[in-house]
Amino acid sequence: MTEPKKEAIEAMSECGLRPMESYRYMSTETGGDDCVGHTMIDHLNYCYKLKMKQIDGKDSQTLVNKLYDIQSIDPEFFFRVRLNAEGKVECLFWRDSMMREDYKIYGDVLVFDTTFRTNKYNLICAPFVGINNHWKNTMFACAFIGDETTESFVWVFETFLKAMGGKHPISIFTDQDAAIAAGIEQVFPSSRHRLCLWHLSKNANSRFGLLKSDKNFKNAFYKCLSGCITPNDFEETWKSMINTFKLEKDDWFNRLYGLKEKWCTALSKDFFSAGILSSQRSESTNHAVGFKANKSTTLTEFYSIFQATINRWRKTEEKDDFDCTRGIPTSELSMSAILKQAANVYTITLFRDFEEEFKLSVASSTMFKGSVGRTVFFEVWIEGIIGSRQEVQYKMEDSTVTCTCKNFEESGWLCFHCLRILHIHSINTIPDRYITTRWTRYAKKQIWERVDTIKREKGEINNFTGHKIAKARKFIEEKFKMDNKAVDEIIKKEEERKAKEEAAKIAEQEKAKAEAQRETQDGESTNSEITIVLDPDRANTKGKSKKRIKGQYDNYKQPSKKGKKKHKEFGSKTPNIQLFTPKEQLF
């Protein structure tokens, strides 16, 4: 087996291909098994050796060293490792520099999910996911957690907060877990904790009992989850459901009502949530990673697969950003002034959402309710749509408009009720206060400029155009006309500026090193000082049975030596007869 073939096998292994898949690929590429140059056994043996290098007790150490190498290249890269008394990994957290930049822009909504466990040590994969301006997933950070205790979640949340410069999200979506809730209450007291409606509805199905087949009950229950607009509407619907189906003494429904602020959408409209209702954003992350990861995947392999997924997401985001620069989207409606503004400001995805609201505003009806000074009140609704009737308040002095549906506060764009009132008052543009920067096509403008500046300094790109070259030439000509004293003064100022930047950089590194040493004394391995890291023990997570999982051969009942008949079909079941020994019969 030649070195190029070994490198090809290693590359395919890092991409998530299994040994037989990589062998079949090489066989197909070369024209058959006889042309590969080595046998299938040789191929499998080499893949086995690669695997053994990673599972010989140094998997965690290899990953930590890899993260440390990345941090030396990217100074903004951040990772932390929590060790137990034996030096084994308990928790692992990391995020790169771009994740922090994304969090600065899109960190108002955070989705945290812990339902994904596909690695060799059964550790919990807990990604921190957000939503970008194209309504797609963006990764903020990722953590491996050894257990589902409050202490572990507090460590992960505090590490996340430290990595993100102390910025708290407005809303956090998680599944229903008491340890997570306690950790959020301790670390993010000002954030709104929201429960995943998908997990909640799935858990509720097991609690319905005979009511599971009652369509009226299910319609009422799901309306309480996400169908109510106002708190009064929710209270009336819930009370009617409880009384109608006699659930006043049901403990589960009483406990659920006590958590209503965390799952009822009507009670959380004052908190920005980007219009999402569950932690499915994070679960889609797990699905994107899980199609290659499995129960034998090591931490190092998982990190490579995870980073490949993040790179694909970022390529998709770059393409979406490029599509927004090619022009403005078209509409089946006549492009009025307000639609043109929305098309120029919002991304294509968000423009389609705004367009739907604009269509509804055209079809809506309006009723004047009264006025107080220069503030007028209206009712806006759509005929035939229950729950669409809402009250709108409009101030003429500064064109301030508010609606009882609170769609802008919750999602970040105006509802059709407000658009209707703006149209009545001949407001042909969206007021600046109602254009949320995170939804615009220029949300990451500063990041683009900063990245381009860094690349130009490294000589990776050169965006000089004809007029820029002319300006540069003119500047050079003027520069050479200066006397030597002026040139020396410019050079001196530049040297002083560089010296100050270098001193500030050294001071920041010393500060980070001191902080790292303090954390190391608390039993936490950090970027600056890597200790010996041992592989974690296999985690026993909640709900996991300690019994051996039965395989297909366990279904086959071997015949006894007393001449019992053999089963003709493999895997057929034995008769359901209980046999007792005399001792068992007595006791």
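Side-chain contact annotation: Ser152 with Asp147, donor-acceptor N/O pair under 3.5 Å present. With no hydrogens or angles considered, a side-chain donor-acceptor pair links Glu383 and Trp381 at under 3.5 Å. Between the side chains of Ser331 and Glu355, at least one donor N or O lies within less than 3.5 Å of an accepting N or O. Between the side chains of His423 and Ser361, no donor-acceptor pair of N or O atoms lies under 3.5 Å. A donor-acceptor contact closer than 3.5 angstrom is absent between the side chains of His417 and Asn407. Between Thr404 and Gln390, the side chains place a donor N or O and an acceptor N or O closer than 3.5 Å (distance only, hydrogens not considered). If you check the side chains of Lys218 and Ser201, you find no donor sitting under 3.5 Å from an acceptor. For the residue pair Thr309 and Arg312, a side-chain donor N or O sits within less than 3.5 Å of a side-chain acceptor on the partner.
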Practice problem: Check the pair Phe221 / Leu256 against side chain to side chain contact (heavy atoms under 4.5 Å, CB included), numbers first and verdict last. | Solution: CA-CA 12 Å; Phe221 179 77; Leu256 185 64; 3.8 Å; yes

Quiz item: After noting the C-alpha distance and the side-chain angles of Gln393 and Thr400, does the key distance pass the side chain to side chain contact (heavy atoms under 4.5 Å, CB included) rule?
Solution: CA-CA 8 Å; Gln393 174 182 319; Thr400 301; over 6 Å; no

Exercise. Begin with the C-alpha distance, continue with both residues' side-chain angles, and end with the deciding distance and a verdict on side chain to side chain contact (heavy atoms under 4.5 Å, CB included) for Phe79 and Phe93.
Key: CA-CA 5 Å; Phe79 76 94; Phe93 174 94; 5.9 Å; no

Self-check item: Leu422 and Val401: CA distance, side-chain angles, deciding distance, side chain to side chain contact (heavy atoms under 4.5 Å, CB included) verdict
Solution: CA-CA 8 Å; Leu422 291 177; Val401 59; 4.3 Å; yes

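Geometric assessment of Lys369 against the ring of Phe378 yields a negative cation-pi assignment under the 6.0 Å and 45° thresholds.
Within a 6.0 Å radius of NZ in Lys445, no more than 12 heavy atoms belonging to other residues, nucleotides or ligands are found. Other residues, nucleotides and ligands contribute at most 12 non-hydrogen atoms within 6.0 Å of the CD atom of Glu185. The 12-atom threshold is exceeded at OH of Tyr222, counting heavy atoms of other residues, nucleotides or ligands nearer than 6.0 Å.
Aromatic rings of Phe157 and Phe112 (six-membered ring for Trp) have centroids within the 6.0 Å cut-off, being under it. The six-membered or imidazole ring of Phe416 lies away from that of Phe354, with a centre-to-centre distance of 6.0 Å or more.
Of the possible polar contacts, none joining the Ser371 side chain to the Gly373 backbone as a donor-acceptor pair under 3.5 Å is found. In this structure, Ser411 contributes its side chain and Phe408 its backbone to no donor-acceptor pair below 3.5 Å. Of the possible donor and acceptor atoms, none in the side chain of Thr138 sits under 3.5 Å from a partner among the backbone N and O of Tyr106.
Residues that satisfy the ring pair (Phe, Tyr, Trp, His ring centres under 6.0 Å) test with Phe358, not counting sequence neighbours, are absent from this structure.
By the 4.0 Å N-to-carboxylate-O rule, Asp270 lies too far from Arg192 to be salt-bridged with it. Glu317 and Arg314 are not joined by a salt bridge, as no carboxylate oxygen comes within less than 4.0 angstrom of a charged side-chain nitrogen. Ion pairing between Arg438 and Asp108 holds under the 4.0 Å rule for side-chain N and carboxylate O. Salt-bridge formation is detected for the pair Arg326/Asp323: a Lys NZ or Arg NE/NH1/NH2 atom is positioned less than 4.0 Å from an Asp or Glu carboxylate oxygen.
Between Trp94 and Phe306, the ring planes are perpendicular. Angles over 60° get that label, and only those under 30° would be called parallel.
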